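Worksheet: the structure to be examined is printed underneath.
Remember, it's a predicted structure, so these values are computed and weren't measured experimentally.
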Amino acid sequence: MALAEREHILEVIDTLANRHLQGKVRAVRLAIIALLSGGHILLEDIPGLGKTTLALALARVLGLSFGRIQCTSDLLPSDITGLSIYRREDQRFEFLPGPIFHNLVLVDEISRAMPKTQSALLEAMEERRVTIEGVTHSLPEPFLVIATQNPVEQIGTFALPESQLDRFSLCTGIGYPPAAVEKAIIRGGSVREQIGQIKPLLSQSQILAARGALREVHLGEKVAEYIHALAEASRTHPAILAGVSTRGAITLADTARAAAYLEGRAFVAPEDVRQVAVAALAHRLILRPEHENRRKEDVLRLLLKELPVPRD
């Protein structure tokens, strides 16, 4: 069965990962999976590894409008959502939309925003609309938030609680590029100027068609049981205080469908689930205090290793 626009989506990934964002193929692929499955992605890594560059390049190659929010401790919810101002000459209020009203929104250093501002942002991400002074404004489609967070900063930050981390369908790092790639980057300098020259390879209607194709990707009973067993295992593991929610399991199913789509399959295989499980679930776990020094990703990988993989 032909999956609409798949070849064009693969061309986007190939162009970004092999030409403009070398060494970041996994992050690029996960960002595309988040876009196709209608979710959002949190990039958690130290500064200087290309989180912002990835968002800029993705917006350019997908032909999407781009908005950027630089989070600071004095950022207000209205700085994100917009506000209504009174036009005295016309005797009416006029709504001025904030940067959230773009197709792709980069939220840089989200943990530097106050909890009230974070909540306003996350509510907009979840509801895909903003209500100001009793008037509801829908956000554009497609709509993707790429947020960044430094995992080691402490002073002047407000870490996202687990309930708000749950709003991100995927969470991943960027990682250092391979040595050969990093040397080439050092020789060639920043790629920001190069990214400004990227031509769009997709239209918004093609992206929406690709999203529609995901609904045709079948998720069978055995794979559904596998996802449920993984969620159950997270709830009973001795190192985990609170495991995967039903929303987390649904997100894993949705992102696994997108992974299967990229592989050219009209059905979800267990390897599709395993491919996205760590990025989709690890950030949702709450570890017991005596295990807080462990990495959540390692605990999730242990669950995957222990859980039998269904076979036909």
Side-chain angles (χ1 to χ4, degrees), residues 1-18 21 24-41 54-55 57-66 102-105 125-129 138-146 167-170 172 198-228 247-281 310 312:
M1 185 178 80
L3 296 169
E5 307 299 344
R6 175 176 172 270
E7 294 303 319
H8 292 111
I9 294 286
L10 293 181
E11 185 183 2
V12 165
I13 295 175
D14 181 66
T15 299
L16 289 179
N18 296 321
L21 300 171
K24 299 180 177 62
V25 61
R26 183 173 182 276
V28 169
R29 195 176 178 88
L30 287 174
I32 292 291
I33 286 175
L35 174 71
L36 294 177
S37 59
H40 308 284
I41 186 168
L54 187 151
L58 201 59
R60 292 286 304 181
V61 78
L62 293 174
L64 299 176
S65 67
F66 178 77
H102 284 279
N103 295 116
L104 194 156
V105 181
M125 289 164 52
E126 179 77 10
E127 301 294 331
R128 293 176 183 272
R129 60 188 179 187
S138 296
L139 298 180
E141 283 288 351
F143 176 58
L144 170 68
V145 169
I146 298 179
R167 307 295 178 93
F168 289 95
S169 55
L170 298 172
T172 188
I198 296 176
K199 302 296 183 188
L201 295 177
L202 278 179
S203 65
Q204 293 185 22
S205 60
Q206 287 176 301
I207 295 171
L208 295 177
R211 278 188 173 182
L214 256 63
R215 289 193 288 271
E216 301 174 22
V217 177
H218 177 67
L219 192 146
E221 187 64 29
K222 285 186 177 179
V223 175
E225 288 176 359
Y226 183 51
I227 292 174
H228 182 257
R247 178 162 60 186
I250 293 171
T251 299
L252 178 57
D254 290 343
T255 52
R257 278 192 174 91
Y261 168 89
L262 294 181
E263 293 295 330
R265 278 193 297 274
F267 62 91
V268 179
E271 51 263 39
D272 300 317
V273 176
R274 295 174 66 85
Q275 183 188 141
V276 294
V278 173
L281 300 184
D312 291 334

Would you say the side-chain atoms of [X] pair up with the backbone N or O of [Y], donor to acceptor, closer than 3.5 Å?
{"X": "Arg257", "Y": "Ser37", "result": "no"}
{"X": "Arg211", "Y": "Leu35", "result": "yes"}
{"X": "Tyr261", "Y": "Ala4", "result": "yes"}
{"X": "His8", "Y": "Gln206", "result": "no"}

Let me confirm one number: the [atom1]-[atom2] distance from [X] to [Y], rounded to the nearest 0.5 Å.
{"X": "Asp254", "Y": "Arg247", "atom1": "CG", "atom2": "CZ", "answer": "12.5 Å"}
{"X": "Leu262", "Y": "Asp272", "atom1": "CG", "atom2": "CG", "answer": "9.0 Å"}
{"X": "Ile13", "Y": "Leu201", "atom1": "CD1", "atom2": "CG", "answer": "11.5 Å"}
{"X": "Leu219", "Y": "Phe267", "atom1": "CG", "atom2": "CZ", "answer": "11.5 Å"}
{"X": "Leu16", "Y": "Leu62", "atom1": "CG", "atom2": "CG", "answer": "7.5 Å"}
{"X": "Glu11", "Y": "Glu5", "atom1": "CD", "atom2": "CD", "answer": "11.0 Å"}

What heavy-atom pair brings [X] and [Y] nearest, and what distance separates the two atoms?
{"X": "Val223", "Y": "Val268", "answer": "CG2-O, 3.3 Å"}
{"X": "Ser169", "Y": "Ala34", "answer": "OG-CB, 4.3 Å"}
{"X": "Leu170", "Y": "Leu30", "answer": "CD1-O, 3.3 Å"}
{"X": "Gly264", "Y": "Leu3", "answer": "C-CD1, 3.9 Å"}
{"X": "Ala258", "Y": "Ile33", "answer": "CB-CG2, 3.8 Å"}
{"X": "Ala277", "Y": "Leu252", "answer": "CA-CD1, 3.7 Å"}

Practice problem: Could you list the residues that satisfy side-chain hydrogen bond (donor to acceptor under 3.5 Å, both in side chains) with Asn103, not counting sequence neighbours? | Solution: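 So Asn103 forms a side-chain hydrogen bond (donor to acceptor under 3.5 Å, both in side chains) with Ser65, Gln204.
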Quiz item: Among all residues two or more places apart in sequence or in another chain, which pass the side-chain hydrogen bond (donor to acceptor under 3.5 Å, both in side chains) test with Arg26?
Solution: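 Expected list: Thr172.
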Quiz prompt | Note, Leu58 side chain near Phe66 side chain (heavy atom, < 4.5 Å) | solution =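 Sidechains of Phe66 and Leu58: no contact.
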Self-check item: side chain to side chain contact (heavy atoms under 4.5 Å, CB included) evaluation trace for Met125 with Phe168
Solution: CA-CA 9 Å; Met125 289 164 52; Phe168 289 95; 3.6 Å; yes
Quiz prompt | Arg167 and Glu127 ion-paired at < 4.0 Å | solution =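 No, this pair does not count.
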Quiz item: What residues form a ring pair (Phe, Tyr, Trp, His ring centres under 6.0 Å) with Tyr226, not counting sequence neighbours?
Solution: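 Not a single residue meets the ring pair (Phe, Tyr, Trp, His ring centres under 6.0 Å) criterion with Tyr226.
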Exercise. For the pair Leu64 and Leu144, evaluate side chain to side chain contact (heavy atoms under 4.5 Å, CB included) and give the outcome as yes or no after the intermediate values.
Key: CA-CA 10 Å; Leu64 299 176; Leu144 170 68; 5.9 Å; no
Practice problem: I would like to know whether Arg29 and Gln275 meet side chain to side chain contact (heavy atoms under 4.5 Å, CB included); could you show each step before the answer? | Solution: CA-CA 11 Å; Arg29 195 176 178 88; Gln275 183 188 141; 3.3 Å; yes
Practice problem: Might you work through the side chain to side chain contact (heavy atoms under 4.5 Å, CB included) test for Val25 and Asn18, ending with a clear yes or no? | Solution: CA-CA 8 Å; Val25 61; Asn18 296 321; over 6 Å; no
